[in-house]
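Read through the structure below, which is laid out as structure tokens, and then see the notes.
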Amino acid sequence: MPEAGAQGKYQTRTGTVTFFSTSILEDIEARSEQTAALIDLQGGQVAFVIPIKSFQFKRTLMQEHFNENYMESEKYPKATFKGQIQNLDREALAKGLSQQVQVEGDLNIHGVTKRVQVQGALELQKGSLLVHAFFSVAPADYGIEIPLLVRENIARIVSIKLAATCESVSQISAAKP
Amino acid sequence: MHLTATRLGRRLAATLLVGAAASTAALAQDDDLLNQLEQTPQTATPELVEATFKGLRLINGHTVQTPGQGTLAFLISHRFGALNSGAYNFFGLDQATLRLGFEYGLTDRLTVGIGRNSMEKAFDGFLKYKALRQSTGPRAVPVTVTLLATSALNTLRITDNVERTFGRRLTYTYQALVARKFSPDLSIQVMPTLVHRNLVSRATEPNDVYALGVGGRQKLTKRTSLNLEYYYLVPATKPSDLRNSLAVGFDIETGGHVFQLHLTNSQGMIEKQFITETRGNFFKGDLFFGFNMARNFTVRAKEGFRK
């Protein structure tokens, strides 16, 4: 029942968030596969939670510095986003077409909340909701200090890519007992 | 007329009220979505406590830290001459002892290392294994325990009447490094130590020397910390005219480097030298200024990443 499918709530705990910082001196890449997402197609609302410590880097030292010096993940263990989909076409979604959407909401990183606009895509496939988004964040906007000495190593703008496959919440609860 | 106006007013008020209620509901629901997400029960997983110390060395001795799989650390350590050696020796800066070392993380827990010291022209090698890792969450582990076994080979040309066989030139050190990161800023480490010397100067001198080290770091800023390290020689096995090693240090971390500056009464940089050969009195100016510099290289990137 596709109509019903384009109405309910969808959830995952294993979404992937990858970020890239590209500079002349160094390319930094990290990935988390523990992104939690909850999407309510009825109200057009979305919520995301990422545990900061779940980001994996190719260098152990980078990961340590990321948590200790930049994100202060002991103090701010999570990044969150909650927003409203601006242009949700439920009918097209129900037909299984990929939907370009604009989401406006509050992005909280490092304890600082900013109002942001994010471009994304939604698609219903075999009862799962596929979510994709690509956007950028400036560390300076979120009170993340980068010392002079490594300023050339870390990009001013960090690109963030999100991919999540969310399952229908009712299905999850129905499957439980 | 009057009646209609009142009715209209009532209707308007009702509409406004309903509208307000609806928007509050929407807000509440909005809040709920994030709250729902954060409150859904998750299978709690134990979380490792990382970065107990910034460096692989506390000051002279090791910390519980290991470089991590695929990481090669290059360490350059210096100790200058005694501060109280006078202006003629430029307060010790004229002389310097040096250690160059490489340490490689075979796994996240197991590290091998080698080094060369100008003092005694000694070569040293070690195996270091992180046996227990401090963690939070279910079945939390309160401390990190790293086991260290080192050996040092004195390669000085010595001409006295004792034949220096290969075995006689060797000294072994065994340490259990136990550390706890109490807060992001404060970490304390305890180091029970055994130094076994194959050759001692007199028959009355002990071959096995036991010591208990204590140390820690207190962060001053995100990238600097104050360090302290003290090795207490157990009186029963304390060799004659030795002093306990005491060191005060300051760590500065800059991206891929850690710089450590310190003052200590030990001139040697390997366990047998600073634990069992310290003769200087810290409080009488027998002080050595020194620094450690560490640079990490990623030899093998973590799986799933481009090099």
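Numbers restart at 1 for each chain; the letters A, B, ... are given by sequence-line order, proteins then strands. Values below: all heavy atoms of this structure, side chains included; hydrogens, waters and symmetry mates excluded.
Other residues, nucleotides and ligands place more than 12 heavy atoms under 6.0 Å from the CZ atom of A:Arg151. In A:Leu25, the CG atom is crowded: over 12 heavy atoms of neighbouring residues, nucleotides or ligands sit closer than 6.0 Å.
For A:Gln56, the parts sitting under 4.5 Å from any heavy atom of chain B are the backbone and the side chain alike. At a 4.5 Å heavy-atom cutoff, A:Lys75 makes no contact with chain B through either its backbone or its side chain.
Chain B forms more heavy-atom pairs under 4.5 Å with one residue of A:Glu64, A:Glu74, A:His65 than with any other, namely A:His65. Chain B forms more heavy-atom pairs under 4.5 Å with one residue of A:Val150, A:Asn69, A:Leu61 than with any other, namely A:Asn69. Of the listed residues (A:Ile154, A:Val49, A:Thr60, A:Leu38), the one with the most heavy-atom contacts under 4.5 Å to chain B is A:Leu38. Comparing B:Glu47, B:Arg223, B:Lys54 by how many heavy-atom pairs each has under 4.5 Å with chain A, the most go to B:Arg223.
For residues 179-192 of chain B, heavy-atom neighbours of chain A at less than 4.5 Å comprise B:Lys181, B:Pro184, sorted by residue number. Within residues 113-120 of chain A, no residue has any heavy atom under 4.5 Å from a heavy atom of chain B. For a heavy-atom cut-off of 4.5 Å, chain A lies close to B:Gln65, B:Pro67, B:Gly68, B:Thr71 in residues 63-75 of chain B.
One finds a salt bridge joining B:Lys219 and A:Glu68 here, because a Lys/Arg side-chain nitrogen approaches an Asp/Glu carboxylate oxygen to under 4.0 Å.
Residues A:Asn67 and B:Glu50 fail the side-chain proximity criterion, which asks for heavy atoms closer than 4.5 Å. Between A:Lys9 and B:Leu33, some side-chain heavy-atom pair lies under the 4.5 Å cut-off.
In this structure, A:Lys58 and B:Thr298 approach most closely via the heavy-atom pair O-CG2, 4.3 Å.
Listed by first and then second residue, the side-chain hydrogen bond (donor to acceptor under 3.5 Å, both in side chains) pairs involving residues 120-143 of chain A are A:Glu123-A:Gln125, A:Ser128-A:Glu167 (not counting sequence neighbours).
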